Engineer: 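Quick one: the structure is below, and I'll ask about it shortly.
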Amino acid sequence: QVQLVESGGGLVQAGGSLRLNCAASGGTFSNYAMGWFRQAPGKEREFVAYISWRPGRIYYADSVKDRFTISRDNAENTVYLQMNSLKPEDTAVYYCAASHSGVPGTQSRNYDFWGQGTQVTVSS
């Protein structure tokens, strides 16, 4: 059983930056692909980015490409999401997720473990 704890959310002005962290425990971190999802009020959870077991394959949603960067440190059991040029529409609760699949893709059903989420609010 893998436990995931997100941190780093907060309130930021449009154009600003935040870095989200997701610390994993209870499993062999390097065996899991990791993803970030988000859910805005009244909307469904949507895919943001994922990174494969070892930092070889990375994929982003079109809405965040060229602004967000996902990375992982297997020695620290942590995955990161660097968010730059933030927009008000990026406001959401951000969740990290772990998948046994090497390349889990963009569907939330392919992820096995989830964190509790961290709130990101971008003011205009």
Side-chain angles (χ1 to χ4, degrees):
Q1 189 80 6
V2 175
Q3 292 81 44
L4 302 172
V5 179
E6 303 95 337
S7 62
L11 173 64
V12 64
Q13 288 189 333
S17 299
L18 282 174
R19 189 180 80 161
L20 304 184
N21 308 316
C22 175
S25 61
T28 302
F29 182 69
S30 59
N31 288 348
Y32 294 91
M34 300 298 296
W36 285 97
F37 289 75
R38 66 186 183 186
Q39 188 166 17
K43 295 188 176 182
E44 294 187 354
R45 189 171 299 188
E46 66 172 358
F47 168 80
V48 174
Y50 81 75
I51 185 167
S52 57
W53 290 332
R54 295 168 184 82
R57 182 171 293 186
I58 291 174
Y59 187 78
Y60 297 99
D62 287 343
S63 58
V64 306
K65 200 175 296 182
D66 298 326
R67 298 189 299 123
F68 290 10
T69 302
I70 188 172
S71 62
R72 68 189 295 161
D73 185 337
N74 288 344
E76 295 294 328
N77 292 349
T78 302
V79 62
Y80 306 97
L81 186 69
Q82 178 66 43
M83 307 186 294
N84 299 329
S85 302
L86 282 161
K87 305 175 181 180
E89 51 263 44
D90 294 318
T91 295
V93 177
Y94 282 71
Y95 300 89
C96 75
S99 173
H100 288 105
S101 171
V103 183
T106 65
Q107 301 299 310
S108 59
R109 64 176 179 268
N110 295 335
Y111 292 79
D112 305 289
F113 305 103
W114 293 83
Q116 294 299 306
T118 185
Q119 176 70 47
V120 171
T121 303
V122 184
S123 63
S124 57

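Everything numeric here is computed off the predicted structure, so don't read it as measured data.
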Engineer: Check whether any side-chain heavy atom of M83 sits under 4.5 Å from a side-chain heavy atom of V64, and report yes or no.
Structural biologist: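 A side-chain contact is absent here, since even the closest heavy-atom pair is not under 4.5 Å.
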Engineer: Taking everything shown except Q116 itself, do over 12 heavy atoms lie less than 6.0 Å from its CD?
Structural biologist: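 Counting other residues, nucleotides and ligands, CD of Q116 stays at 12 neighbours or fewer.
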Engineer: Hey, what do you get for CD (Q1) to CG (D112), rounding to the nearest 0.5 Å?
Structural biologist: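 Going from the CD atom of Q1 to the CG atom of D112 covers 9.5 Å.
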Engineer: Pair D90, K87 - check salt bridge (charged side-chain N to carboxylate O under 4.0 Å, His left out), show working.
Structural biologist: CA-CA 5 Å; D90 294 318; K87 305 175 181 180; over 6 Å; no
Engineer: Could you check if a side-chain atom of Q39 sits within less than 4.5 angstrom of a side-chain atom of S108, using non-hydrogen atoms only?
Structural biologist: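 No, side chains not in contact.
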Engineer: Enumerate the residue pairs fulfilling ring pair (Phe, Tyr, Trp, His ring centres under 6.0 Å) with a member in residues 80-106, sequence neighbours excluded, ordered by first and then second residue.
Structural biologist: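 Residue pairs passing ring pair (Phe, Tyr, Trp, His ring centres under 6.0 Å), neighbours aside: Y32-H100, H100-F113.
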Engineer: Show your working on side-chain contact (heavy atoms from CB on, under 4.5 Å) between T91 and Q119 and close with a plain yes or no.
Structural biologist: CA-CA 8 Å; T91 295; Q119 176 70 47; 4.0 Å; yes
Engineer: Counting only heavy atoms from other residues, nucleotides and ligands, does the tally under 6.0 Å from NZ of K65 exceed 12?
Structural biologist: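 Yes, NZ of K65 has more than 12 neighbouring heavy atoms, counting only those of other groups under 6.0 Å.
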Engineer: What's the verdict on ring pair (Phe, Tyr, Trp, His ring centres under 6.0 Å) for F37 and Y111, showing C-alpha distance, side-chain angles and the deciding distance?
Structural biologist: CA-CA 11 Å; F37 289 75; Y111 292 79; 5.0 Å; yes
Engineer: Would you be so kind as to tabulate the donor-acceptor pairs closer than 3.5 Å made by side chains of residues 7-23, with sequence neighbours excluded?
Structural biologist:
residue, atom, partner, partner atom, Å
S17, OG, N84, OD1, 2.9
R19, NE, N21, OD1, 3.3

Engineer: Please report the interatomic distance CH2(W53) to CE(M34), rounded to the nearest 0.5 Å.
Structural biologist: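 It is 14.0 Å, given to the nearest 0.5 Å.
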Engineer: Minimum heavy-atom separation for R38 to A92, with atom names?
Structural biologist: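 So the minimum-distance heavy-atom pair works out to CB-CB, 3.8 Å.
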Engineer: Would you compute the distance between atom CZ of F29 and atom CG of L4 and round it to the nearest 0.5 angstrom?
Structural biologist: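 So the CZ of F29 and the CG of L4 are separated by 8.5 Å.
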Engineer: Say you draw a straight line from CZ of R67 to OG of S85; how long is it, rounded to the nearest 0.5 Å?
Structural biologist: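 Reported to 0.5 Å precision, the distance equals 7.0 Å.
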Engineer: Could you check S101 against N110 for side-chain contact (heavy atoms from CB on, under 4.5 Å), going step by step and ending with a plain yes or no?
Structural biologist: CA-CA 7 Å; S101 171; N110 295 335; 5.7 Å; no
Engineer: Report whether Y60 and V79 are members of the same hydrophobic cluster (ILVMFWY, side-chain heavy atoms less than 4.5 Å apart, transitive linking).
Structural biologist: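 Yes, because Y60 and V79 connect within a single hydrophobic cluster, where side-chain heavy atoms sit under 4.5 Å apart.
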Engineer: For a 4.5 angstrom cut-off between non-hydrogen side-chain atoms, does W36 reach I51?
Structural biologist: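 In short, these two side chains do not touch, never coming nearer than 4.5 Å.
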Engineer: Tell me, with the steps shown, if V103 and Y50 meet side-chain contact (heavy atoms from CB on, under 4.5 Å).
Structural biologist: CA-CA 8 Å; V103 183; Y50 81 75; 3.0 Å; yes
